[in-house]
Amino acid sequence: MITMSSFKHAGLIISIITSLISCTHNKNYTTTFQPELAKAEAIMYRYPDSALHILQGIQPDNPSDNEQYATWALLMTQAQYKNQIEQSDSLINIAYSYFINQDNAQRKALALYYKGILCHESHHAEDALSFYLEATAEIEKTNDYQLGFLINSEIGLMYLYRKLNDYAMEYFEKAHHNAELSNNQTYIAFSFIYIARAFSQKKQYNKAIEYYEKAIKIGQVNNYPTILASAMNETSFLFLKIGENKKALQYAKDCIKIKKTDQRIFSLGDTYRYLKMYDSAYFYLNQASLSPNIHTARSAYQALFYISQEEKDYKKAVEYSNKLWFYQDSIGKTDRNKALIEMQEKYDQQKIINENNLSQIKKDRIIRNVLIALIILSFIIAITNYLYQRKIVSQKQEILEKEEKIRYFTMKIHENETLINRNKMRIEELTIQMEGSQEIKEQWKEQNKIRQEIQQQNEMLKLENNKLQNHISNYAQSLKEKSKELEAMEHLSEENQYLHKREAFLCNQLINQTELFNKLKTTKYIDDQLWQEIKEKIDLLFDNYTKRLYHQIPSLTDGDIQICCLIKLRFSNGDIAKMLAISPTSVSKRKLRLKERIVQEIGSLGENQSLDLWLMEY
């Protein structure tokens, strides 16, 4: 019969056998290793004994942060495990400590896998599972599907042993997926066996048999006796469960033909017992009872006891019962001895830990007292320093705030002065235009209104500058003098104003000297070709003026752009009316609609800002 302990041992054996058959090649390594080290790695899976011999002859460097040494330690652990050599965790700890901090996902996964293997062999199942799970996260970053199969298989077997069937099935399916990607027929066959075991434990026997038969088919095609024997032995038991006794018997017989073991002899004898073919059952069960494995012998005597009870041969039943209890007692003693040994080891270990703890407590007490004194002293120093620094910071903060306000007020004053100068220039232009348009009353009124608005804006800016200057004087007096940074800012602002005036002067000169714009004053009609030339010249002089307008205000029409261009060139309403062959009143209405479109797009032209002035400064 299949037991949970047989799952555990079979899983370990299968893992070893499949590792011996498989051969992986890492394609991602860029480090150049010693020739012997590279050769050992290349033949590790197919010839682990030769790999071990090569590794034993290598004398690697010893520093723990050296990749050559860490790789040697990892491969040595792998080779010893594959050759079933008992080992400590010293080598794998070296490899783990190095590769866990590296960016090589395959090496990291391999180190985590063997870290888990050695923990599992030391009966630290929880630690082993933790390492396996961490290894799955790393192996998914690589194309090493064979190692992915091994890692997921180990996790699945651990969950299956704990009867967490759904979790086990999840990882067995991942293992099967990796096996398919690796195209390793041995791995594919064992993945079917693992899935079948999960279905069997969930009592879905027909599904389990379906997967066992897939594994058997691969074993027959590729002549894998180990796979065939294992799958047939376990399938035989499932056929008994579903009542197909003839198939169960046939699989049990075929399993014996492949390779005769005490466990398989017992399985065949127990199958005969189920079929009530007691003569054959006696024959095979008596052979199994001679096994040196006390667990197999105990199971055989138990089956013989059941047969003798069925046949009412009480003399034999008593005989088999005595032997059964003998083996049962031996197993109990063995288990108790193991438990006692484990308890003694734990006691000795705990005793050492307690002694170390007492010594550490004494040291900790001394250190603690010294630390308390240092903490108190540090606290006093920190408080004193904090109060002093707080006072300094408060003073610095006050000075910085005053300097920041002075900088802000200074910048604001210079911005206002720049705007005042621009307004003065515009007032001068409007005055000249008004002198030439006194006969056109409506146009003169509009220009006069714009001039008054600009003058009013200038007065407000001058008042604001006076207030700001008073603030600056107050703050500067408290600081005793202005900072060099403020003086430099004032100098830069003055230069900026000069450059702006110079730019406006040069642009006006260019406009006056350009023949195209002189034509505008005399032409009676502006056709499309002339408008195109006007826009090109304006874009050249005023940094893509029309393109910037189109980009910021997409709703503008070609007629709107024409008005904008003529205003930019400082033409009055009367001049614009003549060029467009419309009345000055129509020009005013078109300007009003233009202003509404612009305000709708950008929100506002600014405080006390007219459309003409906004377009001139754009």
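- Shown here are the side chain to side chain donor-acceptor pair (under 3.5 Å) partners of Gln302, two or more places apart in sequence or in another chain: Tyr306.
- When atom types are taken as modelled, the side chain of Ser97 and the backbone of Ile94 share no donor-acceptor pair closer than 3.5 angstrom.
- Ser289 places a side-chain N or O within donor-acceptor distance of the main-chain N or O of Asn286, the cut-off being under 3.5 Å.
- When side chains are defined from C-beta on, Tyr274 does not count as touching Asn245, because their heavy atoms never get closer than 4.5 Å.
- Considering CD1 of Ile155 and CG of Leu164, their distance stands at 13.0 Å, rounded to 0.5 Å.
- The pair Glu213-Lys217 fails the salt-bridge criterion, with no side-chain N (NZ, NE, NH1 or NH2) lying under 4.0 Å from an Asp/Glu carboxylate O.
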inquiry  = Assess the residue pair Leu249 and Leu268 against the criterion (side chain to side chain contact (heavy atoms under 4.5 Å, CB included)); give the C-alpha distance rounded to whole Å, side-chain angles, the decisive distance to 0.1 Å, and a yes or no.
reply    = CA-CA 7 Å; Leu249 182 60; Leu268 180 58; 3.9 Å; yes
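- Side chain of Asn83 to backbone of Pro48: a donor-acceptor contact under 3.5 angstrom is found.
- Side-chain contact annotation: Glu210 with Asn206, donor-acceptor N/O pair under 3.5 Å absent.
- Looking at heavy atoms from C-beta onward, Leu181 lies in side-chain contact with His177 at the 4.5 angstrom threshold.
- Under the 4.5 Å side-chain criterion, counting only non-hydrogen atoms from C-beta, Thr142 is not in contact with Leu147.
- Closest of all the heavy-atom pairs between Ser182 and Ala179 is OG-O, 2.8 Å.
- Checked against His176 for a ring pair (Phe, Tyr, Trp, His ring centres under 6.0 Å), the options Phe192, Phe149, Tyr211 give a single hit: Phe192.
- Taking 4.5 Å as the limit, some side-chain heavy atom of Ile193 sits within range of a side-chain heavy atom of Arg197.
- Between the CG atom in Asn178 and the OH atom in Tyr187 there is a gap of 10.5 Å [rounded to 0.5 Å].
- Checking side-chain atoms of Ser308 against main-chain N and O of Leu304 turns up a donor-acceptor pair under 3.5 Å.
- With hydrogens and angles ignored, the 3.5 Å screen pairs a side-chain donor or acceptor of Thr71 with a backbone N or O of Glu67.
- Here CG of Leu290 is found 8.5 Å from CG of Asp262. Values are rounded to the nearest 0.5 Å.
- A distance-only check finds no donor-acceptor pair linking the side chain of Gln201 to the backbone of Asn165 [under 3.5 Å].
- A salt bridge does not link Glu154 to Lys115: none of the charged nitrogens lies less than 4.0 Å from a carboxylate oxygen.
- Separating the CG atom in Leu160 from the CZ atom in Arg162 is a distance of 11.5 Å, to the nearest 0.5 Å.
- Atom CD of Glu234 sits about 3.5 Å away from atom OH of Tyr212, to the nearest 0.5 Å.
- Applying the ring pair (Phe, Tyr, Trp, His ring centres under 6.0 Å) criterion to Tyr272, with sequence neighbours excluded, gives Tyr284.
- Residues His120 and Ile117 fail the side-chain proximity criterion, which asks for heavy atoms closer than 4.5 Å.
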task = Quick one: do Tyr96 and Phe131 satisfy ring-ring contact (aromatic ring centres under 6.0 Å, His included)? Show the steps, please.
result = CA-CA 11 Å; Tyr96 172 79; Phe131 285 120; 5.7 Å; yes
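- In this structure the side chain of Ser200 reaches within 4.5 angstrom of the side chain of Leu238, judged on heavy atoms.
- Under the 4.5 Å side-chain criterion, counting only non-hydrogen atoms from C-beta, Ile151 is not in contact with Tyr171.
- Taking both residues in full, the closest heavy atoms of Asp270 and Arg273 are given as OD1-NE, 2.8 Å, listed atom of the first, atom of the second, then distance.
- Expressed to the nearest 0.5 Å, how far OG1 of Thr384 lies from CZ of Phe379 amounts to 10.0 Å.
- The two atoms that bring Lys108 and Phe99 nearest to each other are CE-O, 3.4 Å, heavy atoms only.
- Taking 4.0 Å as the cut-off between side-chain N and carboxylate O, Lys39 and Glu36 do not count as a salt-bridged pair.
- The two atoms that bring Ala229 and Cys255 nearest to each other are O-SG, 3.2 Å, heavy atoms only.
- Taking each heavy atom of Ala297 and Ser291 in turn, the nearest pair found is CB-O, 4.0 Å.
- The 12-atom threshold is not exceeded at OH of Tyr167, counting heavy atoms of other residues, nucleotides or ligands nearer than 6.0 Å.
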request  = Might you work through the side chain to side chain contact (heavy atoms under 4.5 Å, CB included) test for Gln78 and Leu75, ending with a clear yes or no?
outcome  = CA-CA 5 Å; Gln78 190 176 13; Leu75 296 178; 3.6 Å; yes
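- Taking all atoms of both residues into account, the shortest heavy-atom contact from Glu138 to Ala105 is O-CB, 3.7 Å.
- Using cut-offs of 30° and 60° on the angle between ring planes, the pair Phe239 and Tyr251 is parallel.
- Two residues are said to be in side-chain contact when any heavy atoms from C-beta on lie closer than 4.5 Å; Ile227 and Asn222 fail this criterion.
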ask   = Between Phe190 and Thr186, does a side chain to side chain contact (heavy atoms under 4.5 Å, CB included) hold up when you go through it step by step?
value = CA-CA 6 Å; Phe190 277 115; Thr186 304; 3.7 Å; yes
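- In Asp103, the CG atom is not crowded: 12 or fewer heavy atoms of neighbouring residues, nucleotides or ligands sit closer than 6.0 Å.
- With 3.5 Å as the limit, one finds a donor-acceptor pair spanning the side chains of Ser267 and Asn233.
- Looking at residues two or more places apart in sequence or on another chain, you find a ring pair (Phe, Tyr, Trp, His ring centres under 6.0 Å) between Phe172 and Tyr194.
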request  = Before giving the answer on side chain to side chain contact (heavy atoms under 4.5 Å, CB included), spell out for Ile307 and Glu310 the whole-Å C-alpha distance, their side-chain angles and the decisive distance to 0.1 Å.
outcome  = CA-CA 5 Å; Ile307 294 173; Glu310 288 286 330; 5.6 Å; no
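- Salt bridge present: Lys202 and Asp166 bring a charged side-chain N and a carboxylate O closer than 4.0 Å.
- Under the 3.5 Å distance criterion, the side-chain polar atoms of His295 are left unmatched by any main-chain donor or acceptor of Asn293.
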